[in-house]
Amino acid sequence: MPAKSAASPTVKYQRVVLKLSGEVLRGGKGTEPIDAATLERMCEQVKEIHDLGCQVCVVIGGGNIFRGLQGAKRGVDRTTGDYMGMLATVINGLAIMDCLEKMGVKTRVQSAIPMNQIAEPFIMRRAMRHLEKKRVVIFVAGTGNPYFSTDTTAALRASELHADIIMKATKVDGIYDKDPKKFPDAVKYEELTFVEALRQRLNVMDSTAFSLCLDNNVPILVFNLDDPHAIKKAVMGDKIGTLVHN
């Protein structure tokens, strides 16, 4: 097991994989793919837990620019569309890197698709070393393969790097038995086991990502990013969102 840095004693999770949807970067208005104010608020939250001593990995989606499945509906070949989506995550990853660096946070971007001029290739041991040196590592270009989502990327990287947890920041404050936007009587779960989530067919992550987390015993915390200190509360173990575990 790789050594983890000594985080603040109040921190429950020392090494975290933060899974962010590309859609989050649009902000409330959704007029631009990347809203500058939203990006800054998100990076402030990442800096907040980094300053506590947490080792932070970020996996970012690309849905604010291009989503492979949506491209397929418009006639784009699925494989081509997925590669386009991977390149969208690179744009988002560079935006996060730039914002964090301006805040004084040392950052590295690692890409699953070689593009040496703008990002390092993903190398597990190098990523581990960056974390030990207190750098935030941003993983882009998904797994480098079509037909796999950024959820799967988060599950894969968390398993490889022995992360304590995957924190999935969304627009909903947890997991419900049905869509809370459509059904006012939807019930929120505080905690769930993987088996219960599977049995109830709850939409936690896609099936490949979920299987990886289940097999490698990586818990998933689903929470709402709207709270300006949501990520800090999550790493400190406060009651927030829904925790899925074995």
Side-chain angles (χ1 to χ4, degrees), residues 11-28 30 33-52 54-65 67 88-89 92-93 95-97 99-100 103 105 107 136-140 142 149-158 161 163-176 179-181 188-192 197 202-206 209-210 213 218-245:
V11 169
K12 182 175 181 180
Y13 305 109
Q14 291 192 352
R15 181 176 292 164
V16 302
V17 170
L18 182 62
K19 168 62 175 70
L20 299 171
S21 164
E23 296 287 352
V24 171
L25 292 175
R26 280 190 179 276
I34 300 176
D35 177 71
T38 302
L39 174 65
E40 187 171 349
R41 284 195 301 271
M42 190 177 74
C43 289
E44 282 172 351
Q45 291 208 47
V46 174
K47 182 181 186 297
E48 190 172 38
I49 63 168
H50 174 266
D51 290 347
L52 289 173
C54 288
Q55 296 182 356
V56 188
C57 305
V58 177
V59 174
I60 182 71
N64 56 320
I65 299 171
R67 192 182 296 276
T89 72
N92 288 339
I96 294 169
M97 177 199 72
C99 189
L100 284 172
M103 293 178 178
V105 179
T107 310
V136 172
V137 184
I138 303 168
F139 298 118
V140 299
S149 69
T150 48
D151 277 351
T152 301
T153 307
L156 182 61
R157 299 293 179 251
L161 298 171
D164 296 322
I165 193 167
I166 294 173
M167 295 185 173
K168 184 174 181 180
T170 67
K171 296 179 180 179
V172 184
D173 64 339
I175 300 170
Y176 288 77
D179 190 342
K181 293 179 180 178
K188 178 187 169 186
Y189 297 102
E190 299 296 326
E191 284 192 25
L192 278 168
L202 298 174
N203 188 22
V204 182
M205 283 182 157
D206 65 69
F210 197 75
C213 292
V218 180
I220 307 164
L221 180 67
V222 180
F223 64 98
N224 193 333
L225 197 60
D226 285 346
D227 181 336
H229 301 288
I231 302 175
K232 180 182 177 182
K233 290 176 182 177
V235 300
M236 293 179 75
D238 291 0
K239 285 288 183 184
I240 181 173
T242 303
L243 181 66
V244 188
H245 56 89

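If you read the sequence from its start, that first residue is 1, and numbering goes on from there.
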ask   = Is there a side-chain contact between Arg41 and Leu225 (heavy atoms, below 4.5 Å)?
value = no

task = Using a 4.5 Å cut-off on heavy atoms from C-beta on, say whether the side chain of Cys57 contacts that of Arg157.
result = no

request  = Check step by step if side-chain contact (heavy atoms from CB on, under 4.5 Å) holds for Ser21 and Thr170.
outcome  = CA-CA 7 Å; Ser21 164; Thr170 67; over 6 Å; no

Non-hydrogen atoms of Asp35 and Arg26 that approach each other most closely = CB-O, 3.4 Å

Inter-residue atom distance Lys19.NZ - Met167.CE, 0.5 Å rounding = 15.0 Å

request  = Could you tell me which non-hydrogen atom of Ile240 sits nearest to which non-hydrogen atom of Ala230, and how far apart they are?
outcome  = CD1-O, 3.6 Å

ask   = About how many Å separate OG1 of Thr107 and CG of Leu100, when rounded to the nearest 0.5 Å?
value = 4.5 Å

query = What distance separates Gln45 CD from Lys233 NZ, expressed to the nearest 0.5 Å?
reply = 9.5 Å

inquiry  = Using every non-hydrogen atom in the two residues, find where Phe223 and Leu221 come nearest and quote the distance to one decimal.
reply    = CD2-O, 3.8 Å

query = OG1 of Thr89 to CG of Leu20: how many Å apart, nearest 0.5 Å?
reply = 12.0 Å

Validation row: Cys99, Met103 side chains within 4.5 angstrom (heavy atoms) = yes

ask   = Can you find a pair of side-chain heavy atoms, one from Phe139 and one from Leu161, that are under 4.5 Å apart?
value = yes

task = With the side chain counted from C-beta on, respond yes when Ile49 and Tyr13 share a heavy-atom pair under 4.5 Å apart, and no when they do not.
result = no

Short side-chain to backbone donor-acceptor contact, Glu48 and Ile231, under 3.5 Å = no

Test: Glu44 and Lys232 ion pair at under 4.0 Å = no

CD-NZ distance between Glu191 and Lys239, expressed to the nearest 0.5 angstrom = 4.5 Å

task = Check whether any side-chain heavy atom of Ile175 lies under 4.5 Å from a side-chain heavy atom of Asn203, and answer yes or no.
result = no

remark   = Here the gap from Leu52 atom CG to Gln14 atom CD, rounded to the nearest 0.5 Å, amounts to 11.5 Å

ask   = Considering all heavy atoms of both residues, which atom of Pro219 and which atom of Ile165 are nearest to each other, and what is their separation?
value = O-CG1, 3.4 Å

query = Are any non-hydrogen side-chain atoms of Asp173 and Lys188 less than 4.5 angstrom apart?
reply = yes

note = Taking every heavy atom of Tyr176 against every heavy atom of Leu202, the minimum-distance pair comes out as O-CD2, 3.6 Å

task = With side-chain contact (heavy atoms from CB on, under 4.5 Å) as the test, would you mind laying out the steps for Met42 and Ile96 before giving the verdict?
result = CA-CA 9 Å; Met42 190 177 74; Ile96 294 169; 3.8 Å; yes

key: Steps toward salt bridge (Lys or Arg N to Asp or Glu O under 4.0 Å) verdict (Lys12, Asp164)   = CA-CA 9 Å; Lys12 182 175 181 180; Asp164 296 322; over 6 Å; no

With Ile60, the side chain to side chain contact (heavy atoms under 4.5 Å, CB included) member among Leu25, Thr150, Thr153 = Leu25

query = Of the non-hydrogen atoms in Ala158 and Ile166, which two are nearest, and what is the gap between them?
reply = CB-CG1, 3.7 Å

inquiry  = Quick check: do Val140 and Asn92 have side-chain heavy atoms less than 4.5 Å from each other?
reply    = no

